[in-house]
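Handing you a structure now.
Just so it is clear, the values below take in all heavy atoms, side chains as well, and ignore hydrogens, waters and symmetry mates.
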Amino acid sequence: QVQLVESGGGLVQAGGSLRLSCAASGRTYSSYGMGWFRRTPGKEREFVAAITWSGGTTYVADSVKGRFTISRHNAKNTVYLQMNSLKPEDTAVYYCAAHSGSYYYIHSDDYSYWGQGTQVTVSS
């Protein structure tokens with residue numbers, strides 16, 4: 001079992017930055033691949049970024065490429081999403097998720113564990 005708690009969301013002006021954190025509990029956290037997704041009202045959950053258990057491979061969606069970076073610190077049981085050059089269309093609830101596979105996944109159905117989400121609002 002892995003429990004996930006996101007933090008770091010908030011209100012920011014367009015062009016600004018935020019860093020989201022996802023703290024995990026569970027003895028085998030470091031063996032889980034991690035991902036970030038986001039959801040806006042009326043839309044399906046959207047993949048944002050993923051990272052393998054070792055942190056050696058990352059993948060980000062085209063919509064955030066060059067602006068968002070995913071990383072992890074296994075000793076701290078934490079995964080991060082650094083978000084720069086934020087745009088109003090990045091406004092959403094952001095969720096982190098975990099899976100036990102050995103690679104990264106971009107589909108939400110492949111993830112077994114989810115956090116409760118943190119709101120990010122970007123004003124124009």
Side-chain angles (χ1 to χ4, degrees):
Q1 282 280 352
V2 176
Q3 290 79 44
L4 305 172
V5 178
E6 302 95 336
S7 61
L11 174 64
V12 64
Q13 287 188 333
S17 298
L18 282 174
R19 188 176 79 158
L20 304 183
S21 299
C22 175
S25 60
R27 292 191 299 172
T28 59
Y29 160 77
S30 61
S31 65
Y32 282 79
M34 302 295 294
W36 286 96
F37 291 77
R38 65 188 182 186
R39 176 177 277 168
T40 54
K43 292 187 177 181
E44 293 187 359
R45 189 153 42 190
E46 175 190 13
F47 168 77
V48 177
I51 189 167
T52 53
W53 68 269
S54 68
T57 302
T58 62
Y59 184 79
V60 296
D62 288 342
S63 59
V64 303
K65 192 168 293 182
R67 301 187 298 121
F68 290 12
T69 304
I70 186 172
S71 62
R72 68 189 297 164
H73 195 309
N74 284 347
K76 295 183 178 180
N77 283 2
T78 302
V79 63
Y80 304 98
L81 184 68
Q82 178 66 45
M83 306 186 296
N84 300 326
S85 301
L86 282 161
K87 304 175 181 180
E89 51 263 44
D90 294 318
T91 295
V93 177
Y94 284 72
Y95 300 88
C96 73
H99 67 80
S100 59
S102 59
Y103 206 54
Y104 64 81
Y105 296 126
I106 64 172
H107 299 291
S108 59
D109 289 348
D110 292 318
Y111 288 79
S112 302
Y113 305 101
W114 292 84
Q116 83 290 348
T118 185
Q119 176 71 46
V120 171
T121 303
V122 184
S123 62
S124 57

- request: Considering only NZ, NE, NH1 and NH2 on the basic side and carboxylate oxygens on the acidic side, decide whether Lys87 and Asp90 come within less than 4.0 Å.
  value: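 Looking at Lys87 and Asp90, the cut-off is not met.
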message: How close do Tyr32 and Ala98 get, counting heavy atoms only, and between which atoms?
response: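 Closest heavy-atom pair between Tyr32 and Ala98: CD2-CB, 4.1 Å.
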Ignoring hydrogens and angles, write down the donor-acceptor pairs under 3.5 Å from the side chains of residues 7-22, residues two or more places apart or on other chains.
| residue | atom | partner | partner atom | Å |
| --- | --- | --- | --- | --- |
| Ser17 | OG | Asn84 | OD1 | 2.9 |

query: Can you tell if the side chain of Ile51 reaches within under 4.5 Å of the side chain of Val79, non-hydrogen atoms only?
result: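 The answer is yes, as the side chains (C-beta and beyond) meet within the 4.5 Å cut-off.
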- prompt: Taking it one step at a time, do Gln119 and Thr121 satisfy side-chain contact (heavy atoms from CB on, under 4.5 Å)?
  reply: CA-CA 6 Å; Gln119 176 71 46; Thr121 303; 3.3 Å; yes
task: Kindly compute the distance separating OH (Tyr80) from SG (Cys96), expressed to the nearest 0.5 Å.
output: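 So the OH of Tyr80 and the SG of Cys96 are separated by 12.0 Å.
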message: Is there a continuous path of hydrophobic side-chain contacts, each under 4.5 Å between heavy atoms, that joins Val2 to Tyr94?
response: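 Yes, because Val2 and Tyr94 connect within a single hydrophobic cluster, where side-chain heavy atoms sit under 4.5 Å apart.
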query: Met34 and side chain to side chain contact (heavy atoms under 4.5 Å, CB included): which partner among Thr78, Thr58, Leu4?
result: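 That would be Leu4; it is the only one of Thr78, Thr58, Leu4 passing the side chain to side chain contact (heavy atoms under 4.5 Å, CB included) with Met34.
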message: What I'd like to find out is whether the side chain of Val120 reaches to under 4.5 Å of the side chain of Met83, using heavy atoms alone.
response: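 When only atoms from C-beta onward are counted, Met83 and Val120 do touch, with a gap below 4.5 Å.
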- prompt: Taking ILVMFWY side chains as joined if any heavy atoms are under 4.5 angstrom apart, and letting links pass through other members, which residues group with Phe47?
  reply: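 Phe37, Tyr59, Val93, Tyr95, Tyr103, Tyr104, Tyr105, Ile106, Tyr111, Trp114, listed by chain and number.
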- prompt: Can you name the nearest heavy-atom pair linking Thr52 to Ser102, along with the distance?
  reply: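 Looking at all heavy atoms of both residues, the closest pair is CG2-O, 4.2 Å.
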query: Can you check side-chain contact (heavy atoms from CB on, under 4.5 Å) on Leu81 and Val48, steps first, answer last?
result: CA-CA 9 Å; Leu81 184 68; Val48 177; 4.1 Å; yes
- request: Report the C-alpha separation of Arg39 and Glu46 in whole Å, then their side-chain angles, then the decisive distance to 0.1 Å, and conclude whether the side-chain contact (heavy atoms from CB on, under 4.5 Å) test is met.
  value: CA-CA 6 Å; Arg39 176 177 277 168; Glu46 175 190 13; over 6 Å; no
message: I'd like to know if the side chain of His107 and the backbone of Asp109 have a donor-acceptor N/O pair within less than 3.5 Å.
response: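 Answer holds: no.
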- request: Would you check if Gln1 and Tyr113 make a side-chain contact, meaning some heavy-atom pair closer than 4.5 Å?
  value: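 Yes, their side chains come closer than 4.5 Å.
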query: Between Gln3 (side chain) and Ala24 (backbone), is there a donor-acceptor pair under 3.5 Å?
result: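 Pair absent, no side-chain N/O of Gln3 close to backbone of Ala24.
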query: Do the non-hydrogen side-chain atoms of Arg38 and Ser63 ever get within less than 4.5 Å of each other?
result: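 In short, these two side chains touch, coming nearer than 4.5 Å.
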